[in-house]
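Right, one structure below, let's go through it.
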Amino acid sequence: MCLKGAVYLQINHQKYTVLPDEVLLVPYPSEVQGYQKSDSVIFFWLHFAANDRHTFLTKRYSDTQLSEIAQNGLSDYFILPDKFKLLDTQEISVLVYQLLDSHTHDTFYFEESNYLMTYLLLKISSQFLQGIRTQHTSNIYYTRMMHIKSWVRSHMSVRLTVTDIAHNFGLTPQYLSRFFKQNQGQTLIEYINQQKIKVACELLLRTTLSVKQISNFAYFKNEKQFFLQFRKLTGTTPLHYRQIHGPIHTNNPYVDPELPVPKKALLRLEREAKEKH
């Protein structure tokens, strides 16, 4: 899973270029080597195996078959694509951090690692199928959805309401709420809070800012609201989240550019990155 730069891999004589936000599945056993130098690259490389090798089936699906599976699902299997681009890299990155933070001295290390890896693979499969469903949605609806989400992210510093957003796009609040829920699978308010918490998670992991400062940088009106939403979406407190995931080493001091992180926070990230070096 590439985060930055490009990874050039040759797998059994077949060459692949893995770009940021892309995932490549390397079957076992395979002969793997690089075929070109990568500059300033950051990536995750995860190994996994099934207890029963017969639970894995290699199959090529047509676009029509994938579309049917995306709409109806499979009763006994889930699909891992050989190569595709993630819809939400942040979601998968957080799961990888949790997996990397497992310690062999933990009582349930083996079980914990198993469940985390399985959940991560399920999320990758889910994003893949969601992407197929999106491709088969009307271009007009898809474009409108992207515009709404982009506009919301760029105006998160303002206290947004459904009415405000609907007015900007010439829609009624009722239609916008129904449209967003049908296409995104969550309400507009849930989406806004999710984006705010993503910003908070990045700042908790990448900076030494206090929880109060992060609450402000993540566009919450007060700490109480921040704590409630953070616990609701992550299942833990901001400080506990930092304690669990903070020690994990990462070479990338920057955040997802799609997340609307305030300029002051970005400057803080850059300054702390320079101090580390």
Side-chain angles (χ1 to χ4, degrees), residues 21 63 66-73 84-95 122-204 214-235 238 255-266:
D21 303 326
D63 289 343
L66 283 174
S67 180
E68 291 176 356
I69 292 171
Q71 297 300 326
N72 304 315
F84 90 110
K85 187 168 184 176
L86 292 167
L87 298 180
D88 188 347
T89 306
Q90 172 69 15
E91 178 183 50
I92 302 301
S93 294
V94 169
L95 292 175
L122 284 169
K123 280 296 184 181
I124 288 176
S125 181
S126 177
Q127 287 198 25
F128 172 62
L129 295 176
Q130 185 182 340
I132 294 173
R133 287 193 293 269
T134 301
Q135 289 174 11
H136 289 79
T137 303
S138 165
N139 287 336
I140 297 175
Y141 288 164
Y142 176 72
T143 302
R144 174 181 284 179
M145 193 69 188
M146 292 301 101
H147 285 165
I148 292 172
K149 290 166 69 174
S150 178
W151 189 89
V152 167
R153 286 197 298 268
S154 62
H155 290 80
M156 272 171 47
S157 58
V158 182
R159 196 170 299 175
L160 295 173
T161 66
V162 175
T163 301
D164 294 332
I165 301 168
H167 177 74
N168 181 77
F169 288 94
L171 305 171
T172 65
Q174 294 78 13
Y175 175 82
L176 176 60
S177 296
R178 186 169 61 254
F179 173 79
F180 198 92
K181 177 73 172 179
Q182 288 175 346
N183 288 278
Q184 183 68 15
Q186 62 185 157
T187 68
L188 247 176
I189 299 303
E190 287 172 342
Y191 175 76
I192 292 171
N193 285 329
Q194 183 185 66
Q195 298 309 301
K196 290 179 179 180
I197 295 302
K198 283 184 178 181
V199 173
C201 287
E202 288 286 356
L203 295 177
L204 283 166
I214 290 174
S215 171
N216 182 48
F217 281 140
Y219 313 106
F220 284 93
K221 61 181 180 181
N222 55 58
E223 274 189 271
K224 183 178 180 181
Q225 185 193 51
F226 172 54
F227 270 92
L228 288 174
Q229 287 300 324
F230 196 93
R231 180 178 282 278
K232 179 181 178 181
L233 294 177
T234 68
V255 298
D256 183 344
E258 291 189 0
L259 291 176
V261 179
K263 187 175 181 179
K264 286 184 179 179
L266 286 175

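In what follows, residues are counted from 1 in the order of the sequence shown.
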**OP:** Find out whether Ile124 and Phe84 are in side-chain contact, i.e. whether some heavy atom of one side chain is under 4.5 Å from a heavy atom of the other.
**Re:** yes
Original post:
Using the benzene-type ring in the case of Trp, are the ring centres of Trp151 and His155 under 6.0 Å apart?
Top reply: yes
Original post:
Quick one: is the NZ or CZ of Arg144 closer than 6.0 Å to the six-membered ring centre of Phe169, and within 45° of its axis?
Top reply: no
Original post:
Is the backbone N or O of Phe179 less than 3.5 Å from a side-chain atom of Asn183, with the two atoms forming a donor-acceptor pair by type?
Top reply: yes
Subject >> Side-chain heavy-atom pair Ser215, Phe227 within 4.5 angstrom cut-off >> reply: no
**OP:** Can you spot which of Gln184, Gln186, Arg153 makes a side-chain hydrogen bond (donor to acceptor under 3.5 Å, both in side chains) with Tyr191?
**Re:** Arg153
**OP:** Can you measure from CD (Gln182) to OG (Ser177) and round to the nearest 0.5 angstrom?
**Re:** 11.0 Å
Original post:
Roughly how far apart are Leu204 CG and Ile214 CD1, rounded to 0.5 Å?
Top reply: 4.0 Å
Original post:
Just by distance, with hydrogens left out, do Gln195 and Lys149 show a side-chain donor and acceptor under 3.5 Å apart?
Top reply: no
Subject >> Close side-chain approach of Gln229 and Gln194, heavy atoms under 4.5 Å >> reply: no
Original post:
Do Ser126 side-chain atoms and Leu122 backbone N/O form a donor-acceptor pair below 3.5 Å?
Top reply: no
**OP:** Kindly determine whether Val199 and Phe220 satisfy side-chain contact (heavy atoms from CB on, under 4.5 Å), including the steps that lead there.
**Re:** CA-CA 11 Å; Val199 173; Phe220 284 93; over 6 Å; no
**OP:** Find out whether Val162 and Ile192 are in side-chain contact, i.e. whether some heavy atom of one side chain is under 4.5 Å from a heavy atom of the other.
**Re:** no
**OP:** Answer whether the closest heavy-atom distance between the side chains of Lys181 and Arg178 falls below 4.5 Å.
**Re:** no
Subject >> Nearest heavy atoms of Asn193 and Leu233, plus distance in Å >> reply: O-CD1, 3.8 Å
Subject >> From Leu188 atom CG to Thr161 atom OG1, the distance as rounded to the nearest 0.5 Å >> reply: 10.0 Å
**OP:** Could you tell me the separation between the OH atom of Tyr219 and the NZ atom of Lys196, rounded to the nearest 0.5 Å?
**Re:** 10.0 Å
Original post:
Would you say the side chain of Leu203 lies within less than 4.5 Å of the side chain of Lys198, judging by non-hydrogen atoms?
Top reply: no
Original post:
Counting distance only, does the side-chain N/O of Ser93 pair as donor-acceptor with the main-chain N or O of Thr89 below 3.5 Å?
Top reply: yes
Original post:
Can you find a pair of side-chain heavy atoms, one from Phe230 and one from Gln225, that are under 4.5 Å apart?
Top reply: no
**OP:** Compare every heavy atom of Thr187 with every heavy atom of Glu190, then report the nearest pair and how far apart it is.
**Re:** OE1-N, 2.9 Å
Original post:
Is any side-chain heavy atom of Ile148 closer than 4.5 Å to a side-chain heavy atom of Phe180?
Top reply: yes
Subject >> Closest non-hydrogen atom pair between Ala218 and Ala200, with its separation >> reply: CB-CB, 4.0 Å
Original post:
Is the backbone of Leu87 close enough, under 3.5 Å, to the side chain of Gln127 for a donor and an acceptor to pair up by distance?
Top reply: yes
